[in-house]
Chemist: 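Mind looking over this structure? Questions follow.
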Amino acid sequence: MAAVMAASRGLRDLLSWRLTASMHRGLNLSFRPLGSSAQDEASRAALSEAPDHSYESLRVTPAHKHILHVQLNRPDKRNAMNKVFWSEMVECFNKIAKDSDCRAVVISGAGKVFTAGIDLMDMASDLLQPQGDDVARISWYLRDLITRYQETFSVIEKCPKPVIAAVHGGCVGAGVDLITACDIRYCAQDAFFQVKEVDVGLAADVGTLQRLPKVIGNQSLVNELAFTARKMMADEALGSGLVSRVFPDKEVMLDAAFALAAEIASKSPVAVQSTKVNLLYSRDHSVAESLNYMASWNMSMLQTQDIVKSVQAAMEKKDLKGVTFSKL
C-alpha cells in the first residue's frame with residue numbers, strides 16, 4: 001500500500017511539474033472549466049469538394065470538422081480503377097498527409113458497389129502491350145509500372161492520419177488491396193470481398209498477398225481466398241477479422257464510420273498519429289526493436305502540450321471532446 005501511495009504521489013508531482021513547466025514556456029493554460037465540444041462536432045458539410053482536391057476518379061469532401069471523405073467516384077463503371085486513378089490516389093493522400101487540419105479519413109465508393117477492381121478495358125494497353133524492345137526492357141518497364149501501382153495503396157498506409165474503409169456491395173480485386181492498407185474496415189451487410197486476380201491469370205501484386213495475412217492472421221484462409229477467387233461475404237469477413245463491424249446498409253454504415261472518425265478526430269492528433277506510426281512499425285519488427293523505436297519516438301512526443309491539456313481536462317472531470325488541440 002505504501003508503494004502504491006508513493007507511486008501515486010510521484011505521478012501527481014510529475015503532472016504538476018509538467019503543468020507548471022508548460023506555463024513557464026508560454027503555454028496559455030486557463031483552469032476555468034472547458035467549454036462544450038458542440039462546434040467540434042460540426043454537421044456534415046455540403047457536397048462541395050475540399051480545397052486543392054479535384055480529380056476525375058475521386059471525390060474528396062469535408063464530412064465533419066477535421067474529417068475528409070474520399071469517394072471512389074466512377075459509379076457508372078462500378079468504381080473500376082482506370083489509369084488516372086492510380087496517380088490521383090497518390091496525389092490525394094500525399095496532400096492529406098500534409099493537411100494539418102485533417103485528423104481522420106473515410107474511404108467509400110459512390111453508387112451501388114465499393115469497387116469492381118482494375119478497369120481491364122482501360123488499362124489493357126499498359127498490362128498487355130508493355131513497352132520495350134526485348135525481355136529485359138519489357139521487364140524493367142513492368143517492374144516500374146507495378147511499383148507505381150503498389151504506391152497507390154501504400155500511400156494510404158504511410159499517411160499518418162487514420163483511414164477508415166467503409167465497404168458496401170462488391171470489393172473485388174484491387175479493392176481488397178486498397179482496404180487492407182486502411183487502418184479500420186467497416187462494411188454493410190451486402191458487402192463481399194474477392195481476391196479476384198487468379199481468375200484473370202495473375203497473382204495479386206499491389207498489396208493483398210502481403211497485407212491480408214497480417215490483417216486476418218489466418219494463412220490457410222488467405223491461401224484459400226487467393227487460390228480460388230471465391231467470395232467472402234460480410235459475416236465471414238467479420239468472423240475472420242477483415243472488418244470490425246457489419247451494418248444493415250450503406251447509409252447506417254457511413255453514419256457509423258463518420259461517427260468513429262469524429263471520435264478519433266477529437267483526440268490529440270499527436271497521440272493518434274504517433275499511435276498509427278508505431279502500430280505499423282511494430283507490425284513489421286520484433287518487440288525489442290519496436291520498444292526501442294517507441295522510446296526514441298516518445299522522447300520528443302511526450303513533450304507535447306496535448307498531454308497537459310488532456311490531463312487538465314481529466315482532473316477537472318471535463319469532456320475530452322471540449323479540449324482544443326493545435327493543428328498537426
Chemist: If a pair satisfies salt bridge (charged side-chain N to carboxylate O under 4.0 Å, His left out) and one of its residues is in residues 264-281, list it, with sequence neighbours excluded.
Modeler: Asp183-Lys276, Glu263-Lys267
Chemist: Any side-chain heavy atom of Pro62 sitting closer than 4.5 Å to one from His69?
Modeler: no
Chemist: Report yes if some heavy atom in the side chain of Ile164 is under 4.5 Å from a heavy atom in the side chain of Cys182; otherwise report no.
Modeler: no
Chemist: According to a 4.5 Å side-chain heavy-atom criterion applied to Ile, Leu, Val, Met, Phe, Trp and Tyr, with indirect links allowed, do Val167 and Val215 form part of one hydrophobic cluster?
Modeler: yes
Chemist: Assess whether a salt bridge exists between Asp284 and Lys214, defined as any Lys/Arg side-chain N lying under 4.0 Å from an Asp/Glu carboxylate O.
Modeler: yes
Chemist: By ring pair (Phe, Tyr, Trp, His ring centres under 6.0 Å), which residues pair with Phe192, not counting sequence neighbours?
Modeler: none
Chemist: Which residue pairs satisfy the ring pair (Phe, Tyr, Trp, His ring centres under 6.0 Å) criterion with at least one member in residues 283-328, sequence neighbours excluded?
Modeler: Tyr281-His285, Tyr281-Tyr293
Chemist: Does a side-chain heavy-atom distance below 4.5 Å link Leu58 with Met89?
Modeler: yes
Chemist: Quick one, Ser48 and Thr61 - any side-chain contact, counting heavy atoms below 4.5 Å?
Modeler: no
Chemist: Holding to side-chain contact (heavy atoms from CB on, under 4.5 Å), I want the full list of residues that pass it with Ser282, two or more places apart in sequence or in another chain.
Modeler: Ser290
Chemist: Tell me, do Ile67 and Cys102 make a side-chain contact under 4.5 Å, heavy atoms counted?
Modeler: no
Chemist: Check the hydrophobic clustering (I, L, V, M, F, W, Y; side-chain heavy atoms under 4.5 Å; chains of links allowed) and say if Leu225 and Phe193 are grouped together.
Modeler: yes
Chemist: Applying side-chain hydrogen bond (donor to acceptor under 3.5 Å, both in side chains), which residue pairs with at least one partner in residues 165-181 are found, sequence neighbours left out?
Modeler: Asp177-Thr208
Chemist: Who passes ring pair (Phe, Tyr, Trp, His ring centres under 6.0 Å) against Phe85, sequence neighbours left out?
Modeler: none
Chemist: Is any side-chain heavy atom of Leu178 closer than 4.5 Å to one of Thr115?
Modeler: no
Chemist: Side-chain heavy atoms nearer than 4.5 Å, only ILVMFWY residues, links allowed to pass through others: does that put Val200 and Leu212 together?
Modeler: yes
Chemist: With a cut-off of 6.0 Å (strictly less than), are more than 12 heavy atoms of other residues, nucleotides or ligands near CD of Glu251?
Modeler: no
Chemist: Answer yes or no: is there a side-chain heavy-atom contact under 4.5 Å between Val60 and Asp52?
Modeler: no
Chemist: Okay, side chain of Asn218, backbone of Leu221: is any donor-acceptor separation there less than 3.5 Å?
Modeler: yes
Chemist: Following the transitive rule for hydrophobic clusters with a side-chain heavy-atom cut-off under 4.5 Å over Ile, Leu, Val, Met, Phe, Trp and Tyr, establish whether Val206 and Val172 coincide in one cluster.
Modeler: no
Chemist: Less than 4.0 Å between a side-chain N and a carboxylate O, is that true for Asp306 and Lys309?
Modeler: no
Chemist: Tell me yes or no: between the side chains of Glu56 and Asn82, is some donor less than 3.5 Å from an acceptor?
Modeler: no
Chemist: Do NZ/NE/NH1/NH2 and the carboxylate oxygens of Glu236 and Arg230 come within less than 4.0 Å?
Modeler: yes
Chemist: Any idea which heavy atoms bring Pro269 and Ser326 closest together, and the distance?
Modeler: CG-O, 3.6 Å
Chemist: Pair Ser108, Leu254 - check side-chain contact (heavy atoms from CB on, under 4.5 Å), show working.
Modeler: CA-CA 8 Å; Ser108 72; Leu254 283 175; 3.8 Å; yes
Chemist: With ring pair (Phe, Tyr, Trp, His ring centres under 6.0 Å) as the rule and sequence neighbours excluded, what pairs involving residues 95-136 come up?
Modeler: none
Chemist: Would Met81 and Leu202 show up in the same hydrophobic cluster when neighbours are defined by side-chain heavy atoms closer than 4.5 Å?
Modeler: yes
Chemist: Give a yes or no on whether the backbone of Ala166 and the side-chain of Lys250 come within a donor-acceptor separation of less than 3.5 Å.
Modeler: no
Chemist: For a quick test of reading the model, state the closest non-hydrogen atom pair linking Val198 to Ala229 and the distance between them.
Modeler: CG1-CB, 3.7 Å
Chemist: Determine whether Leu242 and Arg185 satisfy the following criterion, side-chain contact (heavy atoms from CB on, under 4.5 Å), listing intermediate values before the conclusion.
Modeler: CA-CA 7 Å; Leu242 178 59; Arg185 288 162 294 277; 4.0 Å; yes
Chemist: Of all the heavy-atom pairs spanning Asn79 and Ala110, show the shortest one and how long it is.
Modeler: ND2-O, 2.8 Å
Chemist: Checking Tyr186 now: which residues fulfil ring pair (Phe, Tyr, Trp, His ring centres under 6.0 Å) with it, not counting sequence neighbours?
Modeler: Phe247
Chemist: Who are the salt bridge (Lys or Arg N to Asp or Glu O under 4.0 Å) partners of Asp133, not counting sequence neighbours?
Modeler: none
Chemist: Could you give all pairs that pass the salt bridge (charged side-chain N to carboxylate O under 4.0 Å, His left out) test and reach residues 106-124, with sequence neighbours left out?
Modeler: Arg74-Asp119
Chemist: Mind listing the closest non-hydrogen atom pair of Ser57 and Val84 along with its distance?
Modeler: CB-CG1, 4.2 Å
Chemist: Ile107 and Val163: side-chain contact (heavy atoms from CB on, under 4.5 Å), yes or no, with the steps?
Modeler: CA-CA 7 Å; Ile107 297 182; Val163 181; 3.6 Å; yes
Chemist: Is there any salt bridge (charged side-chain N to carboxylate O under 4.0 Å, His left out) pair reaching into residues 147-159, and which pairs are they, with sequence neighbours excluded?
Modeler: Asp144-Arg148, Glu151-Lys158, Glu157-Arg211, Glu157-Arg283
Chemist: Which residues satisfy the side chain to side chain donor-acceptor pair (under 3.5 Å) test with Ser296, sequence neighbours excluded?
Modeler: none
Chemist: Taking all non-hydrogen atoms of both residues into account, name the closest pair between Asp199 and Thr228 and its distance.
Modeler: OD1-O, 4.4 Å
Chemist: Measuring only between side-chain heavy atoms, which start at C-beta, is Leu302 closer than 4.5 Å to Ile307?
Modeler: yes
Chemist: Nearest 0.5 angstrom please: Leu145 CG to Trp140 CH2, how far?
Modeler: 14.5 Å
Chemist: Work out which heavy atom in Val246 is nearest to a heavy atom in Gln189; give both atom names and the distance.
Modeler: CG1-OE1, 3.5 Å
Chemist: So Phe93 and Ile96, side-chain contact (heavy atoms from CB on, under 4.5 Å) or not? Walk me through it.
Modeler: CA-CA 5 Å; Phe93 272 89; Ile96 290 174; 4.2 Å; yes
